[in-house]
Number of protein chains: 2
Amino acid sequence: MSRRDEIAAEARALLETEGEEALTMRNLAARIGIQAPSLYKHVSGRREIETLLAAAALKEISETLGSQPDLPSMGRSYRAWALANPALYRVATTRPLDRENLPEGIEEKAAAPLLQALDGDPDLARAAWSLAHGLVMLELDGRFPDGADLDAAWSAGLSALG
Amino acid sequence: MSRRDEIAAEARALLETEGEEALTMRNLAARIGIQAPSLYKHVSGRREIETLLAAAALKEISETLGSQPDLPSMGRSYRAWALANPALYRVATTRPLDRENLPEGIEEKAAAPLLQALDGDPDLARAAWSLAHGLVMLELDGRFPDGADLDAAWSAGLSALG
DNA sequence: AACTCAGGCTAACACAGTTAGCCAAGAAAA
DNA sequence: TTTTCTTGGCTAACTGTGTTAGCCTGAGTT
């Protein structure tokens, strides 16, 4: 494993174990056993680390979705992945990602299963993606009232679209 | 106008004219003609300023939505408001908001028009809200491909739900 | 044996939020 | 009228952030 890969792996571990605000250059370096400026010998900056994380996350999400037979189970998988990796989901999804340094075609690949499940209708696919993203973000941000039945909201939304 | 209100107003102006990352305590203070630490005589910190902004934004959004006759025009209004106030929308919507310092019942009030338009079905209302939020966030973050017909995506999604 | 260079290091900078503590002007109380 | 208290400014400073400059060492190449 190259140092660069190690950086990405440790960044992810840091994110998952200690939360988003713990992902700092110094924390990350310490975890590797290095000084923060040395990170710049392998990576152009914090932004690039986040891009690496986003790429990994998109890949995982697309694989998860690709193995599901229908729209409702895609929804369940999407939500489950996001709740299991909340900080990573945020990083991968929340900021504008710089497509320059992102592997070619990874976005299309992530979108493909959804598009297929909706008979190739791009408008419906975008709506479904947005619905899933919105539901996840609002849940992660604690925006729904305490007793809200989110399973029901997912079902209601996805069955209307599908 | 109290200093506190002035702070909120200038914070919003700063956000709208120079973007999210320009909203710093020092910038804000300078705009008012004050030193940064003096802000703390009126406000407990940056977080509280953001809460003030979120409250104002939620109020505006709920008023905007409340004046619309049906779900599709609510969608158009919601999107238009978000695109006209992107940084404010993000601040109001993106982080977990501390309900302690938020005016009582403002969240319910923001949700009410949507709930009414969907015959009081809370699951459908949450789905519709999530759909709108997801569409807006993904658009603001530039996640849709360049030529994507977002009007069509909004229509497809909302007409399926409504 | 000399050289190059990858990959560490320390020191430092600019800027973030925030705290401590001082001080002046005006309001309230004696 | 004089004294006291409170409000709301100020400067200095601390910690933590990303990042840059520049040095140095050790391994591999010529």
Rounding to an integer number of Å, can you tell me how far A/Glu20 CD sits from D/dT17 C1'? 15 Å
Using a 4.0 Å heavy-atom cut-off, write out nucleotides 6-17 of chain C from 5' to 3' as B (base contacted by protein), S (sugar-phosphate only) or - (no contact). -BBBBBB---BB
Any chance the rings of A/Phe144 and B/Trp129 have centres within less than 6.0 Å? yes
Nearest whole Å is fine: how far is D/dG18 P from A/Leu39 CG? 10 Å
For residues 106-114 of chain B, which side-chain donor-acceptor pairs fall under 3.5 Å, sequence neighbours excluded?
residue, atom, partner, partner atom, Å
B/Glu107, OE1, B/Arg99, NE, 2.7
B/Glu107, OE2, B/Arg99, NH2, 3.1

Can you say whether the rings of A/Tyr89 and A/Tyr78 are parallel (under 30°), tilted (30 to 60°) or perpendicular (over 60°)? perpendicular
Taking only Lys NZ, Arg NE, NH1 and NH2, and the carboxylate oxygens of Asp or Glu, determine whether A/Arg12 and A/Glu20 approach each other closer than 4.0 Å. no
Going by an N to O cut-off under 4.0 Å, is there a salt bridge joining B/Arg47 and B/Glu50? no
